[in-house]
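Step one of this worksheet: look at the structure below.
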Amino acid sequence: MTSTDVRKEAEDSGPSGYAAARLRLLTEEARSGPPRRSALSELTDDWLAGLFTAGSEELRGVSLVAVGGYGRGELSPRSDLDLLLLHDGSDNQAVAALADRLWYPVWDLGLALDHSVRTPAEARKTAGEDLKVQLGLLDARHLVGDLGLTAGLRTSVLADWRNQAPKRLPELQELCAERAERQGELQYLLEPDLKEARGGLRDATALRAVAASWLADAPREGLDDARRRLLDVRDALHLTTGRATDRLALQEQDQVAAELGLLDADTLLRQVYEAARVISYASDVTWREVGRVLRARSVRPRLRAMLGGGKPVAERSPLAEGVVEQDGEVVLARAARPERDPVLPLRAAAAAAQAGLPLSLHAVRRLAATVRPLPTPWPAEAREQLVTLLGSGQPTIEVWEALEAEGLITQLLPDWERVRCRPQRNAVHIWTVDRHLIETAVRASEFTRRVSRPDLLLVAALLHDIGKGWPGDHSVAGEIIAKDVAARIGFDRTEVAVLSTLVRHHLLLVETATRRDLDDPATVRSVAEAVGSQGTLELLHALTEADALATGPAAWSSWRGSLVADLVKRVSAVLAGDVPEEPEAAAATAEQERLAIEAVATGSPVLSLRAQTEPPAESADEPAGDPEPLGVELLIAVPDQPRVLPAVAGVLAMHRLTVRTAELRALELPSGVEGSVLLLNWRVAAEYGSLPQAARLRADLVRALDGSLDIAGRLAERDAAYPRRRGVVAPPPRVTVASAASHLATVIEVRAQDAPGLLFRIGRALEDAGVRMRSAHVSTLGANAVDAFYVTGHSGSPLPGDEAAAVARKLEEMLRG
């Protein structure tokens with residue numbers, strides 16, 4: 001039977017005919033989705049029009065109007081009928097009689113009805129007082145009666161909405177936020193409310209209202225399809241339950257999936273989550289744009305008065321190479337060329353997360369459309385920027401979602417596709433697999449001061465459940481995937497082995513601690529054999545806690561934490577029996593020896609700058625290109641004297657050079673050459689633009705060493721001129737004494753958030769403490785500085801325990817201040 005036949009049957013048979021035609025329409029297997037919703041709306045339109053015109057041919061100045069979802073023509077099987085009987089106020093008695101002829105047949109059929117009877121003035125007044133009424137009227141659609149009356153109301157309501165948008169849109173945003181707080185996020189819930197949860201149908205309607213205001217508009221790509229998917233699921237839910245419900249309960253998901261022709265309930269939830277994610281991201285972008293426009297409107301009149309007219313130019317502040325901040329968002333610099341800079345997406349994302357700012361929609365879309373793939377393995381900068389992004393704490397989530405919305409995450413990490421929007425049917429888990437992985441990285445960023453390799457901790461957090469997209473034990477599958485991903489992003493063999501071990505055994509500590517007898521020596525030995533080293537155990541302990549905290553409130557407790565800590569202590573004792581030998585001193589290279597001899601001869605520092613590169617990856621499809629830059633190697637030889645470390649670090653900070661790795665040690669000179677020389681072997685990179693000339697660096701270093709260059713003052717002036725942005729809140733610095741690390745010196749370990757001038761401040765503090773520096777080993781892992789300083793007293797012996805602790809305590813206080 002065609003739509004015309006169904007509608008004719010309904011018209012011919014009255015209410016009973018409408019009911020039969022409605023039932024036939026809803027049970028037609030060949031028709032579902034938008035065509036069925038549209039046909040149901042048309043069928044209902046015709047039936048209500050028949051009720052309206054029966055016996056009211058002489059009535060003028062009255063119309064029947066569909067509002068809300070019915071006004072949009074989106075009737076689901078159990079949807080309410082939202083109706084407004086509009087009249088001009090000339091014959092209230094006749095209008096009341098008409099209302100009875102309309103409402104009672106609807107009630108008699110058991111259909112839910114939301115109705116009102118108002119004049120245009122009353123409708124506008126109510127809309128002005130009740131935001132929900134106004135939103136419903138924005139979708140008003142004429143059904144029957146006086147078309148001019150309906151058209152006049154639509155015009156007036158739209159004009160009111162646009163005129164009042166600066167006031168009503170913040171109210172609407174607050175309403176959406178309150179609903180999200182109450183109902184949760186649709187894209188993560190196991191039993192989501194398709195309408196009320198954040199990212200659901202209510203938010204899609206709110207985006208339509210924002211667009212109708214002409215103040216801002218939502219990203220349209222995929223938005224209509226996302227709304228259609230959620231409406232299709234709601235239709236199937238209504239049909240399988242026979243109820244007007246929007247909550248997708250667990251016990252009904254298999255039936256709903258079958259109704260939609262989907263494989264299983266997991267496939268259903270994944271489609272729901274993907275749709276919700278599109279709507280949520282569109283909402284974030286749209287409300288951000290609304291805020292920007294409203295702020296600009298409030299500021300512009302004052303600026304024009306101050307500047308004498310004209311449009312103010314938005315200030316652009318550099319964040320990283322090719323990345324700037326503008327109007328509260330991170331955008332690409334005018335000179336940025338994504339097609340030539342494959343690291344730019346990660347650099348922009350890391351800069352945005354560190355600054356606590358959103359990535360602009362335009363920037364992300366430009367990157368997605370033009371950037372070329374990273375080579376395999378990734379260049380060092382790409383790996384470092386990924387680590388910085390992962391270690392930025394809570395802001396990582398919004399930035400990651402922006403990249404994912406445009407497909408950049410899957411482009412960078414193809415294995416991500418299998419875990420994207422994947423549900424977890426476990427009451428303990430509160431997130432989908434992909435969001436859990438990012439949440440774990442956020443939690444792990446709080447523990448970066450506890451481990452010597454925060455970069456490995458953060459990447460392990462990102463990958464620990466990557467095997468959940470494959471059959472079988474996800475830890476076993478994840479180990480294989482992690483090896484491949486880690487090698488692809490540029491970790492060496494040793495680091496790949498550690499990462500694969502962490503992924504393979506990320507559940508080992510908590511499962512052993514809570515399910516095995518820790519007093520049984522075999523238990524502890526088995527864990528020690530699986531972990532293999534103190535460093536891996538340290539990382540696994542931090543990963544275990546981060547994973548549990550990111551799972552949900554039921555996954556971690558002080559009791560579980562104490563059990564795991566006890567196990568770690570016992571395993572550490574077993575591993576401590578394997579004491580490594582002291583490493584032999586490395587021989588000087590010819591370049592280092594040449595610089596050292598020149599430093600002795602001149603009595604002043606000498607240095608050299610040399611770019612470090614690695615060969616590009618070759619493939620059958622692409623010829624070999626230019627070598628990928630790794631950074632710049634800076635070699636400095638200085639006659640042994642106090643304050644070398646703070647002097648060099650301060651000069652580099654003044655020239656905006658970021659220290660990636662650094663070593664300082666005394667160099668053994670060739671026989672016949674008298675003197676003592678300190679050698680600094682550092683890898684540096686320019687924060688912005690190009691490197692300074694070596695001659696200028698040397699001149700400033702000479703002045704710093706002789707005391708004529710006030711480094712502290714210069715850095716303080718720069719900090720005052722460029723106030724630090726409100727960005728990620730980093731965990732506090734941590735300074736410890738590694739008492740068993742060396743027999744020749746006291747090892748002081750510093751773990752802190754990397755920042756300009758950090759190494760200068762540490763070096764100066766150690767010098768002020770009156771200790772001698774035997775060597776230093778500095779590394780920057782993402783946004784984290786992990787430094788070890790081998791110091792002695794003036795006699796050349798390790799510091800006594802209490803003195804070492806006092807030095808560490810004072811250094812930590814300085815870094816916290």
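As a basis for the values below, the full set of heavy atoms in this structure was taken, side chains included, without hydrogen atoms, waters or symmetry mates. Position 1 is the first residue of the sequence; numbering continues from there.
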Using a strict cut-off of less than 4.0 Å between a Lys/Arg side-chain nitrogen and an Asp/Glu carboxylate oxygen, indicate whether [X] and [Y] qualify as a salt bridge.
| X | Y | result |
| --- | --- | --- |
| Arg270 | Asp266 | no |
| Glu181 | Arg179 | no |
| Arg420 | Glu417 | yes |
| Arg277 | Glu185 | no |
| Arg488 | Asp484 | yes |
| Arg347 | Glu321 | no |
| Glu529 | Arg525 | no |
| Arg809 | Asp802 | no |
| Arg734 | Glu812 | no |
| Arg453 | Glu538 | no |
| Lys468 | Asp465 | yes |
| Asp284 | Arg198 | yes |

Is it true that a side-chain atom of [X] and a backbone atom of [Y] form a donor plus acceptor pair closer than 3.5 Å?
| X | Y | answer |
| --- | --- | --- |
| Gln354 | Leu389 | no |
| Asp787 | Val750 | no |
| Glu384 | Ala783 | no |
| Thr440 | Ala461 | no |
| Glu495 | Asp492 | yes |
| Tyr281 | Glu404 | no |
| Glu749 | Thr736 | no |
| Arg660 | Val684 | no |
| Thr780 | Val659 | yes |
| Arg751 | Pro733 | no |

Could you tell me if the side chain of [Y] sits less than 4.5 Å from the side chain of [X], heavy atoms only?
| X | Y | result |
| --- | --- | --- |
| Val791 | Val807 | no |
| Thr448 | Pro731 | yes |
| Val323 | Val330 | yes |
| Ile466 | Trp416 | yes |
| Leu357 | Glu329 | no |
| Thr551 | Asp547 | yes |
| Met773 | Leu766 | yes |
| Leu186 | Asp203 | no |

Between Thr432 and Cys421, does a side-chain contact (heavy atoms from CB on, under 4.5 Å) hold up when you go through it step by step?
CA-CA 6 Å; Thr432 53; Cys421 293; 5.5 Å; no
Between His777 and Phe789, does the ring centroid distance fall short of 6.0 Å?
no
Measure across [X] and [Y] and return the closest heavy-atom pair with its distance rounded to 0.1 Å.
| X | Y | result |
| --- | --- | --- |
| Gly757 | Ala653 | N-CB, 3.7 Å |
| Leu346 | Leu412 | CD2-CD1, 3.9 Å |
| Ser500 | Glu479 | O-CG, 3.7 Å |
| Ile438 | Leu462 | CD1-CD1, 3.7 Å |
| Ala402 | Leu359 | CB-CB, 4.5 Å |
| Thr746 | Ala804 | CG2-CB, 3.8 Å |

Working to the nearest 0.5 angstrom, can you tell me the gap between [X] [atom1] and [Y] [atom2]?
| X | Y | atom1 | atom2 | answer |
| --- | --- | --- | --- | --- |
| Arg504 | Thr501 | CZ | OG1 | 10.0 Å |
| Thr536 | Leu456 | OG1 | CG | 8.5 Å |
| Leu386 | Leu458 | CG | CG | 9.0 Å |
| Leu502 | Ser475 | CG | OG | 11.5 Å |

Looking only at the side chains, is there a donor atom on one of Gln424 and Arg435 sitting less than 3.5 Å from an acceptor on the other?
no
For residues 504-530, which residue pairs pass the ring-ring contact (aromatic ring centres under 6.0 Å, His included) check, not counting sequence neighbours?
His464-His506, His474-His506
Would you find more than 12 non-hydrogen atoms of other residues, nucleotides or ligands less than 6.0 Å from Arg516 atom CZ?
no
Can you list the steps and then say if Val510 with Arg560 is a side-chain contact (heavy atoms from CB on, under 4.5 Å)?
CA-CA 7 Å; Val510 70; Arg560 284 175 180 260; 3.9 Å; yes
Does the Lys NZ or Arg CZ of Arg450 fall within the cation-pi geometry relative to Phe447 - under 6.0 Å from the ring centre and within 45° of the axis?
yes
